[in-house]
Novice: 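Quick one: the structure is below, and I'll ask about it shortly.
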Amino acid sequence: MMGDLKNEFKDLKIIGQPIVPIDNEIGRVKEYELLLRTRKTNDFPTDFFSKVINDQVGNYWFLNWLKQQIDQIMSNNYQDVYNLNLDPQQFSFRDTWKFIMAISQYRSRLKIEITERVPLTVGQIDLAEVVKRLKMTGFAVALDDICTGENSLSFVVKNYKSLKRIKFSVLDFRRLKRGTLKELLAFLLELSLETGLELVIEEMSLKEVRQIYDERHDRQAKSYHLFWQAATEVNF
């Protein structure tokens, strides 16, 4: 397996998507989500990723490769903040926690973002304990794609004290009427204000986000709690 993995690692790269406060005028981006892509197609390597995170040896070598990429990105960019995705399944392996400690030197500029995928080893991974432990290591923790998969609203409400940020993708909710979507986004902002969590909106234009929230929310609340993630991809 390792021989095949080495060849596949050569085709991988890390790109960034900008994250900005929605009141921020166009200027220098200071925060990015780090995303895995292939060099050949620029797509997410779904089959490869599923293979490595469900195998202890594969996960070990993937995290070793990822550590090298993070070291390089951090050394070349001294001021920017980054969000690193980890899959819940990876926390079934001790090597993932060793990886967390190995990158802990960057915790002032690196958030850990937990994806929404349901782990294969259901019942063996206590996600509430995972986010609590991550916070104890000093990392800010974000939940990706709330209202989807593992990252339910119920989980957010029960565990918000262990979190820093929640992210919501409009992609799966585009069939809703604009008024319904507007009410959903308004509710999520109220949730973020009540819990003190940052809210990032994805898969929606900055203009659309601003239009919806400008109708009913004050500028100060938005500037502190509401962010937008661009679909633009940046190479490091």
Side-chain angles (χ1 to χ4, degrees), residues 1-19 29 31-121 124-125 127 130-131 133-134 137 139-145 149-151 167 169 202 229-236:
M1 178 181 180
M2 193 53 228
D4 295 335
L5 283 180
K6 285 183 177 179
N7 290 328
E8 293 188 69
F9 281 135
K10 294 178 182 178
D11 186 41
L12 298 181
K13 66 177 182 178
I14 298 292
I15 61 95
Q17 285 190 343
I19 299 174
V29 176
E31 184 173 2
Y32 299 87
E33 179 181 2
L34 300 177
L35 297 169
L36 186 64
R37 294 288 186 267
T38 63
R39 296 183 183 278
K40 291 180 181 178
T41 66
N42 205 46
D43 294 324
F44 178 76
T46 304
D47 293 341
F48 167 83
F49 188 71
S50 295
K51 179 169 58 178
V52 296
I53 69 166
N54 290 305
D55 177 80
Q56 184 174 356
V57 175
N59 186 61
Y60 170 82
W61 286 109
F62 173 68
L63 293 178
N64 271 267
W65 175 87
L66 188 57
K67 171 65 163 54
Q68 295 174 16
Q69 309 309 306
I70 293 173
D71 286 342
Q72 183 175 348
I73 291 170
M74 288 295 183
S75 64
N76 292 336
N77 303 274
Y78 293 100
Q79 297 179 336
D80 296 336
V81 175
Y82 300 95
N83 296 249
L84 175 66
N85 281 316
L86 290 176
D87 190 287
Q89 179 66 33
Q90 293 179 272
F91 289 96
S92 64
F93 304 120
R94 291 183 179 179
D95 288 324
T96 301
W97 289 108
K98 292 180 180 178
F99 167 77
I100 292 295
M101 297 312 299
I103 61 173
S104 62
Q105 60 182 306
Y106 304 125
R107 56 194 168 199
S108 65
R109 295 197 295 125
L110 185 66
K111 296 181 177 74
I112 301 298
E113 187 170 319
I114 306 299
T115 65
E116 76 284 359
R117 290 186 7 148
V118 178
L120 292 179
T121 51
Q124 297 182 27
I125 301 170
L127 194 57
V130 168
V131 296
R133 185 174 173 182
L134 283 171
T137 63
F139 280 97
V141 184
L143 279 190
D144 196 17
D145 288 351
E150 284 283 278
N151 297 341
K167 300 179 72 176
S169 172
E202 300 180 87
Q229 182 162 326
T232 306
E233 295 189 353
V234 177
N235 290 306
F236 296 112

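No experiment lies behind these values; they were computed from the predicted model shown. Residue numbers start at 1 and run along the sequence shown.
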Novice: Is it true that Lys40 and Asp11 have a side-chain N and a carboxylate O under 4.0 angstrom from each other?
Specialist: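 No.
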Novice: Measuring from Ile114:CD1 to Leu84:CG, what's the distance to the nearest 0.5 Å?
Specialist: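 Nearest 0.5 Å value for the CD1-CG distance: 9.0 Å.
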Novice: What are the two closest non-hydrogen atoms of Thr115 and Asp87, and how far apart are they?
Specialist: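 Between these two residues, the closest heavy atoms are OG1-CA, 3.4 Å.
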Novice: When the ring planes of Phe9 and Trp65 are compared, do they come out parallel, tilted or perpendicular, using 30° and 60° as the limits?
Specialist: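 Parallel.
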Novice: Just checking Tyr82 against Tyr106, ring centres under 6.0 Å apart?
Specialist: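 Not under 6.0 Å, so no.
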Novice: Name all residues meeting the ring-ring contact (aromatic ring centres under 6.0 Å, His included) criterion together with Phe49; count only those two or more places apart in sequence or in a different chain, and write none if there are none.
Specialist: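 Partners of Phe49 under the ring-ring contact (aromatic ring centres under 6.0 Å, His included) test: Phe44, Phe62.
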Novice: How close do Phe139 and Leu110 get, counting heavy atoms only, and between which atoms?
Specialist: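 Scanning both residues, the minimum pair turns out to be CD2-O, 3.2 Å.
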Novice: Show the nearest heavy-atom pair for residues Ser92 and Ile125, with the distance to one decimal.
Specialist: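 Shortest heavy-atom contact: CB-CD1, 3.9 Å.
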Novice: Is it the case that atom CD in Gln56 sees more than 12 heavy atoms from other parts of the structure closer than 6.0 Å?
Specialist: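 No - once you tally the heavy atoms of other residues, nucleotides and ligands closer than 6.0 Å, there are 12 at most.
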Novice: Considering only heavy atoms from C-beta outward, does the side chain of Val81 approach that of Ile19 to under 4.5 Å?
Specialist: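 The answer is no, as the side chains (C-beta and beyond) never meet within the 4.5 Å cut-off.
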Novice: For the pair Arg109 (side chain) and Asp80 (backbone), establish whether a donor and an acceptor sit closer than 3.5 Å, ignoring hydrogens and angles.
Specialist: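 Yes, because the side chain of Arg109 sits within donor-acceptor range (under 3.5 Å) of the backbone of Asp80.
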Novice: Using side-chain hydrogen bond (donor to acceptor under 3.5 Å, both in side chains) as the criterion, point out the one residue from Glu31, Gln17, Lys111 that pairs with Asn83.
Specialist: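 The single option meeting the side-chain hydrogen bond (donor to acceptor under 3.5 Å, both in side chains) with Asn83 is Glu31.
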Novice: If you compare all heavy atoms of Thr38 against all heavy atoms of Lys13, which two are closest, and at what distance to 0.1 Å?
Specialist: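 Closest heavy-atom pair between Thr38 and Lys13: O-CE, 3.8 Å.
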Novice: Quick one: pull up CD in Glu33 and CG in Asn85 and give me the separation to the nearest 0.5 Å.
Specialist: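 Those atoms lie 4.5 Å apart.
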Novice: Return the minimal non-hydrogen interatomic distance between Pro45 and Leu12, and the atom names on each side.
Specialist: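 Smallest heavy-atom distance, with atoms named: CG-CD2, 3.8 Å.
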Novice: A side-chain contact here means heavy atoms from C-beta on lying under 4.5 Å apart; do Lys51 and Asp47 qualify?
Specialist: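 Answer no - side chains too far apart.
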Novice: How about NZ on Lys98, more than 12 heavy atoms from neighbouring residues, nucleotides or ligands closer than 6.0 Å, or not?
Specialist: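 At most 12 heavy atoms, drawn from other residues, nucleotides or ligands, come within 6.0 Å of this atom.
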Novice: Flag the pair Phe91 / Leu86 as yes when at least one side-chain heavy-atom distance between them is below 4.5 Å, and no otherwise.
Specialist: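 Yes; the side chains approach each other to less than 4.5 Å.
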Novice: Taking atom CG of Asp95 and atom CG of Asn64, what is their separation to the nearest 0.5 Å?
Specialist: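 CG of Asn64 is found 8.0 Å from CG of Asp95.
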Novice: So does Glu233 have more than 12 non-hydrogen atoms from other groups sitting under 6.0 Å from CD?
Specialist: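 Above 12, so yes.
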Novice: If we ignore hydrogens and angles and just use 3.5 Å, is the side chain of Asn151 paired with the main-chain N or O of Lys167 as donor and acceptor?
Specialist: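 No.
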Novice: Could you tell me whether a side-chain N or O of Arg107 sits under 3.5 Å from a main-chain N or O of Thr137, the two making a donor and an acceptor?
Specialist: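 Here the side-chain-to-backbone pair exists.
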Novice: Step by step, would you call Leu36 with Ile14 a side chain to side chain contact (heavy atoms under 4.5 Å, CB included)?
Specialist: CA-CA 5 Å; Leu36 186 64; Ile14 298 292; 4.1 Å; yes
Novice: If we check side-chain hydrogen bond (donor to acceptor under 3.5 Å, both in side chains) with Gln90, which of these qualifies: Thr96, Asn59, Asn54?
Specialist: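 Of Thr96, Asn59, Asn54, side-chain hydrogen bond (donor to acceptor under 3.5 Å, both in side chains) with Gln90 is met by Asn59 alone.
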Novice: At their closest point, which heavy atom of Phe99 faces which heavy atom of Leu66, and how far apart are they?
Specialist: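 That would be CZ-CD2, 3.8 Å.
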Novice: Are the side chains of Val130 and Trp97 in contact, using a 4.5 Å heavy-atom criterion?
Specialist: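 Yes; the side chains approach each other to less than 4.5 Å.
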Novice: Return the set of residues passing salt bridge (Lys or Arg N to Asp or Glu O under 4.0 Å) with Asp145 (not counting sequence neighbours), or none when no residue passes.
Specialist: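 Partners of Asp145 under the salt bridge (Lys or Arg N to Asp or Glu O under 4.0 Å) test: none.
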